[in-house]
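Values in this document were obtained by computation on a predicted structure and should not be read as measured data.
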Amino acid sequence: MSSSPMALLPDVELQPGKPPMLRAEAISDVPGWAAGHRDALRAVVAEHGAVLVRGLGLRDPAGTTTVFQRLVSTLMIEREAFARRQVYADGVYSSATWPANQPMCMHHELSYRLEVPSLMLFACLSAPTSGGATAVSDSPTVLDALPKDLTDRFERDGWLLARSYNDEIGATLEEAFGTEDRGAVESYCRANAIEFEWQPDGELRTRQRRSAVVRHPRTGDRCFFNQIAFLNEWTIDPEVREYLVDMYGADGLPFNTGFGTGEPLTEEIVELINQVYEDNTVREPWQAGDLMLVDNIRTAHSREAYEGPREILVGMAEPVRVSDTSPSTEVTHR
């Protein structure tokens, strides 16, 4: 009888308030180790939603890219990015450009797309002097902890993401769509159920309605899967928000979210969602060389404010179509 994949790994350390952790020691061939333990690591993620591997000694983009490639079948090229990233290889990026003194609240990567990564890979090449953890939160737990009348409405109406593209804040057209050609951008939008409107100054504004709740493709668990709170105006630092409104107008914010009906979210609702995430967050400070795997549908992740240099590589992997996850709100193409 063959042994289970989990038997190949040391015991998973489970501590309150921390993500599951595995310690790897004295490994000379890290890509080979990753290939040999791929199924075992994926089994840990399937059981716990995430795992932090400590001791691999990841130090450079090239070696880390090779490790990512050994751990997954498919790395995704990012489309519809909301912030700038450095590209190291197809499907391998820097963390999103975001002010170090401002947190990136809990979210599921690219949850506003029709095709999303089901697995996220993070590797720490340089750890900050303080803060900067990539914290995680269990999505089914968050869904159950939110008020039922609120989740019922999100299930019924979905959520709406409104974006304004410019060359100063957030991702540019080329960074988001891979092209500046208007025709190609419009074709992408039509194919991906995104309403679009060009402004007189050439700025593009888009709106896309998405499901806020999906079922996990493996377990069938209901997951609060979105970026409702993270990309909302009330999560932006108040001084930054005031500046952006003065510069671009209330309708010209780089991004904003609302109910799927178009009704805006109140500050109290956004604060409530973020508080429920915080109440169900686990975290572990990065150490240089760490690797983290996160189930992107079951598990939300954040980036906490930090000080000092921080270099995290990101891989988006194993794409799934949201239409295959029993979304609570159907997306219709126009």
Side-chain angles (χ1 to χ4, degrees), residues 30-39 41-42 44-46 49-53 56-98 104 107-126 134 136 170-180 184-185 188 191-192 194 217-218 225 227 230 286 289-303 310-325:
V30 177
W33 183 91
H37 293 81
R38 167 177 160 164
D39 291 344
L41 290 170
R42 299 287 290 273
V44 174
V45 175
V51 63
L52 177 68
V53 184
L56 290 180
L58 300 173
R59 290 291 184 270
D60 62 85
T64 301
T65 295
T66 301
V67 170
F68 284 3
Q69 291 168 340
R70 299 291 178 87
L71 288 171
V72 302
S73 300
T74 305
L75 286 166
M76 290 178 61
I77 294 177
E78 184 180 33
R79 287 290 180 264
E80 299 181 51
F82 68 86
R84 295 180 172 92
R85 297 183 188 270
Q86 181 175 344
V87 181
Y88 290 101
D90 285 349
V92 181
Y93 303 89
S94 70
S95 55
T97 301
W98 200 261
M104 298 174 68
H107 61 284
H108 297 262
E109 203 71 31
L110 299 179
S111 56
Y112 45 80
R113 289 199 63 205
L114 299 186
E115 185 176 70
V116 303
S118 65
L119 182 70
M120 297 295 296
L121 307 170
F122 302 95
C124 178
L125 306 189
S126 177
T134 298
V136 292
T172 64
L173 274 181
E174 185 170 8
E175 289 164 337
F177 296 100
T179 179
E180 291 183 331
V185 171
Y188 180 95
N192 288 274
I194 300 172
R218 183 180 59 83
F225 179 74
Q227 283 162 256
F230 173 41
W286 282 114
D290 284 352
L291 171 72
M292 192 175 194
L293 287 76
V294 176
D295 181 329
N296 187 47
I297 297 178
R298 171 180 168 180
T299 307
H301 66 275
S302 65
R303 192 225 68 190
R310 179 185 187 272
E311 185 177 8
I312 306 294
L313 261 62
V314 179
M316 307 174 195
E318 316 299 29
V320 297
R321 293 193 63 80
V322 174
S323 59
D324 294 331
T325 63

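Interatomic distance, CD of E80 versus CG of N192, reported as 6.0 Å (0.5 Å rounding). For the atom pair CG (L41) and CG (L291), the distance works out to 7.5 Å, reported to the nearest 0.5 Å. Between the CZ atom of R85 and the OG atom of S95 there is a distance of 7.0 Å, given to the nearest 0.5 Å. Here CD of E109 is found 13.0 Å from OG of S118. Values are rounded to the nearest 0.5 Å. Here the NE2 atom belonging to H37 is positioned 14.0 Å from the CZ atom belonging to R70, to the nearest 0.5 angstrom.
Considering only residues two or more places apart in sequence or on other chains, A46 meets the side chain to side chain contact (heavy atoms under 4.5 Å, CB included) condition with R218. With sequence neighbours excluded, the residues that form a salt bridge (charged side-chain N to carboxylate O under 4.0 Å, His left out) with R298 are D138. For R79, the side chain to side chain contact (heavy atoms under 4.5 Å, CB included) criterion is met by I77, R113, Y188, not counting sequence neighbours. The side chain to side chain contact (heavy atoms under 4.5 Å, CB included) test applied to V72 returns R42, L75, L119, L121, A317, E318, not counting sequence neighbours. N296 pairs by the side chain to side chain donor-acceptor pair (under 3.5 Å) definition with nothing, not counting sequence neighbours. With sequence neighbours left out, T64 forms a side chain to side chain donor-acceptor pair (under 3.5 Å) with no residue at all. Partners of H108 under the side chain to side chain donor-acceptor pair (under 3.5 Å) rule, at least two apart in sequence or in another chain, do not exist in this structure. Under the salt bridge (charged side-chain N to carboxylate O under 4.0 Å, His left out) criterion, D295 pairs with no residue at all, not counting sequence neighbours. Under the side chain to side chain contact (heavy atoms under 4.5 Å, CB included) criterion, P319 pairs with T74, M76, E115, not counting sequence neighbours.
Below 30°, between 30° and 60°, or above 60°: for F230 and F82 the angle between ring planes is above 60°, a perpendicular geometry.
Across all their heavy atoms, W286 and C124 have their closest contact at CE3-CB, 3.4 Å. Heavy atoms only, all atoms of each residue included: P61 and L313 are closest at CA-CD2, 3.6 Å. Smallest separation of non-hydrogen atoms from I297 and P217: CD1-CD, 3.8 Å. The two residues M120 and P117 have their closest heavy-atom pair at SD-CG, 3.9 Å.
Of the possible donor and acceptor atoms, none in the side chain of E180 sits under 3.5 Å from a partner among the backbone N and O of L173. In terms of modelled atom types and a separation under 3.5 Å, the side chain of T299 and the main chain of G49 share a donor-acceptor contact. Formation of a donor-acceptor pair under 3.5 Å by the R84 side chain with backbone atoms of G170 is found in this model. A donor-acceptor pair is defined here as one N or O able to donate and one able to accept, closer than 3.5 Å; such a pair exists between the side chain of H107 and the backbone of H301. Using modelled atom types, no side-chain atom of E175 and backbone atom of A83 make a donor-acceptor pair closer than 3.5 Å.
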Validation: residues 87-94 side-chain donor-acceptor distances under 3.5 Å, sequence neighbours left out:
{"from": "Y88", "atom 1": "OH", "to": "E311", "atom 2": "OE2", "distance (Å)": "3.3"}
{"from": "Y93", "atom 1": "OH", "to": "E78", "atom 2": "N", "distance (Å)": "2.8"}
{"from": "S94", "atom 1": "OG", "to": "Q86", "atom 2": "N", "distance (Å)": "2.8"}

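Side-chain contact between L125 and D60 is absent, with no heavy atoms from C-beta onward closer than 4.5 Å. By the 4.5 Å heavy-atom criterion applied to side chains, V322 and Y112 are not counted as neighbours. At least one side-chain heavy atom of V136 sits less than 4.5 Å from a side-chain heavy atom of M292. Considering only heavy atoms from C-beta on, V116 comes within 4.5 Å of V320 through its side chain.
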